[in-house]
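One structure is given here, and the rest of the page talks about it.
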Amino acid sequence: MSFFDRHKKSFFLLFCIICLILAGLTTNRFAPSVFEKSFGLVLTPIQGAVYSVGDWISARFRAVTNANALIDENAELEYEIEELKLDNSRIALLEEENKRLTELLELTEKHKAYETTGARIIGKDPGNWYDIFIIDKGSSDGLKQNMVVISEGGLVGRIRECGYNYSQVVSIIDDSDAVSAVSPRTGDTGYVKGDLNNKGMCKMELIDISSKITEGDEITTSRFSSVYPEGISIGRVMSIENASDTSTKTAVIEPGVDFKHLDSVLIITSDTETSVETVNESETASEETSEEAENEENEENEEDEEQN
């Protein structure tokens, strides 16, 4: 027989005694025993320290989690900001393109006597001024050498070289070209070309010494040019001085075109002489029609007076 079997009754009795003691100790929880007070006195500081360490660790973990969340949120916001910037850039480009097309349309309407085509500038000589530049159309688009180039404000220049898909334009502010010009107010003529001493400006030379041209007068292309059609605005007179030979005058001309900020131009593709003749014929026919209508109205008025 084993030891447990021999003392089974004794073990059971001991267990019952221990249960009675524990029951007595826990009968009133509002009045802790001396043992519990002593145990709590030792355990409480340790428990507080453990809780503080745990709370600190939990706070650090939450901080790291929040920091990662903030980093992700910040990255997402930066991406959205970049997208908005790109959208704004696209809108600005579309608005600029719309403005350019509107200006070309208005310019086309203004010069509807001629057949024209629009082109965009894709290159130019170094510097701030568009004295010689490249456009994105050429012989494949029906362009030819010496075709006239215009823009908002008036005359730009002419095509000097024509490639298959590009053309080189020399403008009126370049001193290598000259334009036969006239003052519509006085009828005085001369030649306009770029002014080397005053970049971006032009000068009108060989003006008769007796000319009545004054500051502020508009200067346009004359009918004597074999390249440029008559009546296209070149610019306005800024100042006048006597030439060195004292038999002619020279005028400083401010171009109507902004040669610092050119973007698009219009090329006259039709035969300018034919177009001018057509315009003149239309104007003449219109004037004759107006005169006929006026004569008929006068005759009717006379008949009415005779009847009265």
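The figures here come from the full heavy-atom set of this structure, side chains too, leaving out hydrogens, waters and symmetry mates.
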Query - salt bridge (Lys or Arg N to Asp or Glu O under 4.0 Å) partners for Lys199, two or more places apart - result: Asp131
Query - Straight-line distance of Lys249 NZ to Ile209 CD1, nearest 0.5 Å - result: 5.5 Å
Query raised in the report: Are Ile150 and Val265 close enough that some pair of their side-chain heavy atoms sits under 4.5 Å apart?
Result: no
Query raised in the report: Thr189 and Phe224: which non-hydrogen atoms are nearest, and at how many Å?
Result: CG2-CE1, 4.0 Å
Requested in this report: Treat each ILVMFWY residue as a node, draw an edge where side-chain heavy atoms are under 4.5 Å apart, and state whether Tyr191 and Ile172 are in one component.
Outcome: no
Requested in this report: Looking only at non-hydrogen atoms, find the nearest pair between Ile268 and Ile232 and report the distance.
Outcome: CD1-CD1, 4.1 Å
Requested in this report: Taking all non-hydrogen atoms of both residues into account, name the closest pair between Val179 and Leu155 and its distance.
Outcome: CG1-CD2, 4.0 Å
Query raised in the report: salt bridge (Lys or Arg N to Asp or Glu O under 4.0 Å) with Asp141: which residues, sequence neighbours excluded?
Result: none
Query raised in the report: Can you check whether Asp136 reaches Asn165 side chain to side chain, under 4.5 Å on heavy atoms?
Result: no
Requested in this report: State, yes or no, whether a side-chain contact exists between Val156 and Leu262 at a heavy-atom distance under 4.5 Å.
Outcome: yes
Report task. Apply the test side-chain hydrogen bond (donor to acceptor under 3.5 Å, both in side chains) to residues Ser222 and Ser180: give CA-CA distance (whole Å), side-chain angles for both, the deciding distance (0.1 Å), then the verdict. Result -> CA-CA 6 Å; Ser222 76; Ser180 178; 2.5 Å; yes
Query raised in the report: Taking all atoms of both residues into account, what is the closest heavy-atom pair of Val148 and Pro229, and its distance?
Result: CG2-CD, 3.7 Å
Report task. Rounded to the nearest 0.5 Å, what's the gap from OG on Ser183 to CD1 on Ile219? Could you check? Result -> 4.5 Å
Query raised in the report: With Lys203, which residues qualify under salt bridge (Lys or Arg N to Asp or Glu O under 4.0 Å), at least two apart?
Result: Glu205
Query - Gap between atom OG of Ser210 and atom CG of Asp188 - 0.5 Å precision - result: 7.0 Å
Report summary line: For Val227 and Asn146, the nearest pair of non-hydrogen atoms, with its separation, is CG1-O, 3.4 Å
Query raised in the report: Quick one: salt bridge (charged side-chain N to carboxylate O under 4.0 Å, His left out) pairs with a partner in residues 169-184, sequence neighbours left out?
Result: Arg158-Asp177
Query raised in the report: Taking only residues two or more places apart in sequence or in another chain, which ones pass side-chain hydrogen bond (donor to acceptor under 3.5 Å, both in side chains) with Thr248?
Result: Asp245
Report summary line: For residues 253-269, the salt bridge (charged side-chain N to carboxylate O under 4.0 Å, His left out) pairs (sequence neighbours left out) are Arg100-Asp263, Arg120-Asp263
Query raised in the report: Which ILVMFWY residues can you reach from Leu84 by hopping between side chains whose heavy atoms are under 4.5 Å apart?
Result: none
**Report entry** Whichever hydrophobic residues join Val170 through chains of side-chain contacts under 4.5 Å
**Finding:** Ile132
Report task. Apply side-chain contact (heavy atoms from CB on, under 4.5 Å) to Tyr130 and Ser171, showing your working. Result -> CA-CA 7 Å; Tyr130 286 81; Ser171 73; 5.9 Å; no
Query raised in the report: So do Met147 and Lys144 actually touch side chain to side chain, heavy atoms under 4.5 Å?
Result: yes
Query raised in the report: Is the closest side-chain donor-acceptor distance between Ser167 and Lys137 under 3.5 Å?
Result: no
Report task. State, with a plain yes or no, whether a side-chain heavy atom of Thr250 is found less than 4.5 Å away from one of Ile207. Result -> no
Report summary line: Value for CD (Glu80) from CD (Glu78), rounded to nearest 0.5 Å, stands at 11.0 Å
Report summary line: Rounded to the nearest 0.5 Å, the CD1 atom of Ile213 sits from the CD1 atom of Ile253 at a distance of 7.5 Å
Query - Shortest non-hydrogen contact between Gly154 and Val257, atoms and distance - result: O-CG2, 3.6 Å
Report summary line: side chain to side chain contact (heavy atoms under 4.5 Å, CB included) filter on Val169, not counting sequence neighbours, yields Phe133, Ile135, Val149, Ile159
**Report entry** Distance, nearest 0.5 Å, that separates OH of Tyr164 from OG of Ser140
**Finding:** 5.0 Å
Report task. Hey, could you give me each pair passing side-chain hydrogen bond (donor to acceptor under 3.5 Å, both in side chains) that has a residue in residues 81-91? Not counting sequence neighbours. Result -> Asp87-Arg90
Query raised in the report: Thr220 and Ser233: side-chain donor and acceptor closer than 3.5 Å?
Result: no
Query - side-chain contact (heavy atoms from CB on, under 4.5 Å) assessment of Thr116 paired with Thr269 - result: CA-CA 5 Å; Thr116 58; Thr269 57; 5.6 Å; no
**Report entry** Within-4.5 Å side-chain heavy-atom neighbours: Arg185 and Thr214
**Finding:** yes
Query - Ile173/Cys202 under side-chain contact (heavy atoms from CB on, under 4.5 Å): CA gap, chis, key distance, verdict - result: CA-CA 6 Å; Ile173 64 170; Cys202 296; 4.0 Å; yes
Query raised in the report: If you look only at pairs with a residue in residues 159-173, which of them pass as a salt bridge (charged side-chain N to carboxylate O under 4.0 Å, His left out), with sequence neighbours excluded?
Result: none
Query raised in the report: Apart from Val252 itself, what residues make up its hydrophobic cluster, given side-chain heavy atom links below 4.5 Å?
Result: Met201, Met238
